[in-house]
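The block underneath contains the structure these notes are about, expressed in structure tokens.
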Amino acid sequence: MPKETLSIVVLISGSGSNLQALIDALAAQSINAEIKAVLSNKADAFGLERARKAGIPGLFIDHTAFSDRLGFDQAMINTIDPYHPDIIVLAGFMRILSNEFVDHYAGRLINIHPSLLPDFKGLNTHQRALDAGHKKHGASVHFVSNELDGGPVIAQIEVPVEEHDTAETLRLKVIKQEHIIYPRVIQWFAEHRLRLQGQHIYFDHKLLEKPLLLNSLPASQTV
Ligand code: NHR
Ligand code: GAR
């Protein structure tokens, strides 16, 4: 029996280059998934234009119109739920989500974070990696839990920190890798290879002991 198409809703706040990478991967590869809607808390997010250009509804909810986080999060839930998404993908979404939102989408909510978690949770990760003198930096895809950037990590990709790097050159190196790693993780969801049970990730029905490190794979190969 053929499995149904994975329904995705993407949340953004800005440029949406990760959204674009996903749109492109879905168009180019045989991934059984469809982005149903893109939601932004910023009216001028370029990602909304990317969505509309791809024929995907690009929706805007103004977080400043709500007096508290819960009101905004409830409005997002009310907007997202009619699309019946199998997963919610945070792609440069910059608002911390309430426990109510996270619990509503438990096991279906993922984020890409520009550091090798658990290093450098929160913001300004590239400068902090430089300041700490780390020789390796990168990005992590994780399930969102109620601990900010603290949910179980699915996959990571590393980049070397070189002598000449600045926060901006590091950002560019990392985001290029994000565009490879995020569509690949979403492909695993579409193939039903990933599952969260409590705080444990199962990959191909086996407990994942540590994040999958995708560096070692050539760009063309899928796990
Ligand atoms: N929500 C929960 N509950 N858990 C996580 O792990 C989340 C989350 C919401 C977003 C992305 C995250 C990142 O990858 C993310 C993970 C925004 C902030 C932040 O401080 C921190 C982490 C992340 C996203 N936001 C400020 C706030 O007050 C606003 C900053 C701004 O608007 O520029 O929400 O890094
Ligand atoms: C990405 O580097 C993503 O990892 C990061 O913001 C960028 C979004 O770029 N996310 C966060 O910092 C979340 N707090 P994009 O809009 O071009 O995909």
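Bear in mind the structure is a predicted one, so any value in this text is a computation, not a measurement. Numbering of ligands and ligand atoms starts at 1, following listing order.
Using bins of under 30°, 30° to 60° and over 60° for the plane-to-plane angle, the ring pair His134/Phe120 lands in the tilted bin.
At a threshold of 4.0 Å, the pair Glu162-Lys135 does not count as salt-bridged, since none of the basic side-chain nitrogens sits closer than that to a carboxylate oxygen. A salt bridge links Glu34 with Lys36: the closest approach of a Lys/Arg side-chain nitrogen to an acidic carboxylate oxygen falls below 4.0 angstrom.
Close approach of ligand 1 to His113 is summarised as follows: ligand atoms under 4.0 Å from at least one heavy atom of the residue are 13 (C), 14 (O), 35 (O). The atoms of ligand 1 that sit less than 4.0 Å from any heavy atom of Val144 are 2 (C), 4 (N), 5 (C), 6 (O).
Under the 4.0 angstrom criterion for non-hydrogen atoms, His142 is in contact with ligand 1. Assignment of Gly122 to the shell around ligand 1 is supported, since a heavy atom sits closer than 4.0 Å. In this structure, Ser145 has a heavy atom closer than 4.0 Å to ligand 1. Look at Asn146 and you'll find every heavy atom at least 4.0 Å from all atoms of ligand 1. Under the 4.0 angstrom criterion for non-hydrogen atoms, Thr125 is not in contact with ligand 1.
For atom 14 (N) of ligand 2, the nearest protein heavy atom (residue, atom name, distance) is Met94 SD, 3.2 Å. Ranking the protein heavy atoms by distance from atom 16 (O) of ligand 2 puts Gly16 N, 2.8 Å first. When hydrogens are left out, the protein atom nearest atom 27 (C) of ligand 1 is Arg69 NH2, 3.5 Å; that is the closest non-hydrogen contact. Looking only at protein heavy atoms, the nearest one to atom 15 (P) of ligand 2 is Ser17 N, 3.4 Å. Regarding atom 15 (C) of ligand 1, its nearest protein heavy-atom neighbour is Asn111 ND2, 3.9 Å. Looking from atom 6 (O) of ligand 2 to the surrounding protein, the closest heavy atom is Gly92 CA, 3.9 Å. Closest to atom 25 (N) of ligand 1 among all protein heavy atoms lies Met94 O, 2.9 Å.
Under 4.0 Å from ligand 2, the heavy atoms of Glu178 that appear belong solely to its side chain. At a 4.0 Å heavy-atom cut-off, ligand 2 touches Ile175 through the side chain alone.
For the pair Lys42 and ligand 1, the shortest N or O to N or O distance does not fall below 3.5 Å.
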